[in-house]
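Beneath this line is the structure, given in structure tokens, with notes to follow.
Labels below follow one simple rule: chain letters A, B, ... track the order of the sequence lines, proteins then strands, and each chain is numbered from 1.
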Protein chains: 2
Amino acid sequence: MDAEPDLFKAIGDATRRIILDELTERDGQTLFEICGRLAMKHGLGSSRQAISQHLAVLEQAGLVRTRRQGRYKFHHIDPSPLRSIVERWPIDREEPKS
Amino acid sequence: MDAEPDLFKAIGDATRRIILDELTERDGQTLFEICGRLAMKHGLGSSRQAISQHLAVLEQAGLVRTRRQGRYKFHHIDPSPLRSIVERWPIDREEPKS
DNA sequence: GTTATAGGCAAGTTACTACTTGCCTGTCAA
DNA sequence: TTGACAGGCAAGTAGTAACTTGCCTATAAC
């Protein structure tokens, strides 16, 4: 019913945020590609299974959509659920209007 | 240096999100007011100390600013740090422009 | 003064979550 | 068909975070 708890939980982890960064820079990567990039560019020694679990959390939050093709599974970012965060606590409070 | 981990951690808890909801609806409440509202409107039986710790986390994340006055401490919401979230992963991807 | 109110501090407990480990399934090339 | 590659499943472990408990400080009313 309420997918927002999953959303907040998903972006609550630093590794998952870096994964989103990576998918923003290069969309449609496979699990192994993401593992390699995290290891090289960010010095993260996370195992393949750890990344896989992170991707599952991101997918459940609606932030990542997957596309199967043969033995490859491509991961695509979808940041649109994040909009609900700023909509929930409106920022226009002290800045009257330009 | 990097306050964003605190930000994501702060909104990662459901009780803290409800506190932000309450402060959005009625800004500048004291600790006891918030406790009463959470108990009545949301059925949360959290102790005063629990709420106090939540407020400390929210304050450290920059989402809540406090103002002391006598023996009262008023809590004010500041949702502006949330902007960095939508700015980090741009949503304009499938919607070209109106 | 004394008492009640508003809040703070610190240690201990519990529950959750990220991560590992080990093994299994499915796809493609040789 | 065999082996390499891409990924999945499930149980166990460890670290963290939410919450409790108990006591303490400060402001204000009586």
Side-chain angles (χ1 to χ4, degrees), chain A residues 2-23 26 28-40 42-61 63-76, chain B residues 2-23 26 28-40 42-61 63-76:
Chain A
D2 196 4
E4 286 210 336
D6 296 323
L7 174 63
F8 290 104
K9 177 191 164 192
I11 61 173
D13 183 82
T15 303
R16 283 195 286 267
R17 292 195 293 272
I18 296 180
I19 291 176
L20 291 179
D21 291 339
E22 268 307 316
L23 289 180
R26 191 174 197 277
Q29 296 187 59
T30 67
L31 172 60
F32 275 63
E33 283 179 300
I34 296 172
C35 285
R37 291 205 161 213
L38 290 192
M40 283 189 291
H42 303 276
L44 299 182
S46 307
S47 68
R48 176 183 59 87
Q49 289 80 355
I51 306 296
S52 177
Q53 288 167 4
H54 281 310
L55 287 170
V57 174
L58 289 170
E59 188 172 5
Q60 189 171 331
L63 290 170
V64 163
R65 301 192 177 275
T66 58
R67 169 173 56 95
R68 255 258 144 108
Q69 188 170 341
R71 58 175 164 175
Y72 298 106
K73 189 179 182 183
F74 301 102
H75 300 266
H76 298 268
Chain B
D2 196 5
E4 287 212 334
D6 296 323
L7 173 64
F8 289 105
K9 177 191 165 190
I11 60 174
D13 184 82
T15 302
R16 285 195 286 268
R17 292 195 294 271
I18 295 180
I19 292 176
L20 291 180
D21 291 339
E22 269 307 314
L23 289 179
R26 190 175 196 275
Q29 297 187 60
T30 69
L31 172 60
F32 275 63
E33 284 179 298
I34 297 172
C35 286
R37 293 205 158 213
L38 289 194
M40 283 189 291
H42 302 275
L44 298 183
S46 306
S47 69
R48 176 182 59 87
Q49 289 81 355
I51 307 296
S52 176
Q53 288 167 5
H54 281 309
L55 286 170
V57 175
L58 289 170
E59 189 173 7
Q60 190 172 332
L63 290 170
V64 162
R65 301 193 176 276
T66 59
R67 170 173 56 94
R68 254 257 145 109
Q69 188 169 341
R71 60 173 163 176
Y72 298 105
K73 188 178 182 184
F74 301 102
H75 300 267
H76 297 268

Please state how far atom [atom1] in [X] lies from atom [atom2] in [N], giving the value in whole angstrom units.
| X | N | atom1 | atom2 | value |
| --- | --- | --- | --- | --- |
| F8(A) | dA17(D) | CZ | C1' | 18 Å |
| I51(A) | dA6(D) | CD1 | P | 16 Å |
| L38(B) | dC19(D) | CG | C1' | 15 Å |
| E59(A) | dG7(D) | CD | P | 13 Å |
| L58(B) | dA18(D) | CG | P | 10 Å |

- Pairwise distance CD1(I34(B)) to CZ(R26(B)) - rounded to 0.5 angstrom: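 If we round to the nearest 0.5 Å, I34(B):CD1 and R26(B):CZ are 10.5 Å apart.
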
Per-nt protein contacts along nucleotides 6-18 of chain C (heavy atom under 4.0 Å; B base, S backbone sugar-phosphate only, - none) come out as SBBB--------S

So which pairs with a foot in residues 43-54 of chain B pass side chain to side chain donor-acceptor pair (under 3.5 Å), sequence neighbours left out?
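Only R16(B)-H54(B) qualify under side chain to side chain donor-acceptor pair (under 3.5 Å).
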
- Query: What residue among I19(A), D21(A), I18(A), T15(A) forms side-chain contact (heavy atoms from CB on, under 4.5 Å) with H42(A)?
  - Reply: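 For H42(A), the side-chain contact (heavy atoms from CB on, under 4.5 Å) test succeeds with only one of I19(A), D21(A), I18(A), T15(A), which is I18(A).
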
Exercise for review: Dump the intermediate steps for side chain to side chain contact (heavy atoms under 4.5 Å, CB included) on K73(B) and L31(B), then the final yes or no.
Suggested key: CA-CA 7 Å; K73(B) 188 178 182 184; L31(B) 172 60; over 6 Å; no

Scan the side chains in residues 64-72 of chain A for donor-acceptor partners under 3.5 Å anywhere in the protein, sequence neighbours excluded, and list what turns up.
unit_1 : atom_1 : unit_2 : atom_2 : d
R65(A) : NE     : D78(A) : OD2    : 3.4
T66(A) : OG1    : E59(A) : OE2    : 2.9
R67(A) : NE     : H76(A) : NE2    : 3.1
R67(A) : NH1    : Q69(A) : OE1    : 3.0
R67(A) : NH2    : H76(A) : NE2    : 3.1

Is any side-chain N or O of S47(B) closer than 4.0 Å to OP1 or OP2 of dT20(D)?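 For dT20(D), OP1 or OP2 has a side-chain N or O of S47(B) closer than 4.0 Å.
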
Q: Before giving the answer on side chain to side chain contact (heavy atoms under 4.5 Å, CB included), spell out for L20(B) and I11(B) the whole-Å C-alpha distance, their side-chain angles and the decisive distance to 0.1 Å.
A: CA-CA 9 Å; L20(B) 291 180; I11(B) 60 174; 4.3 Å; yes

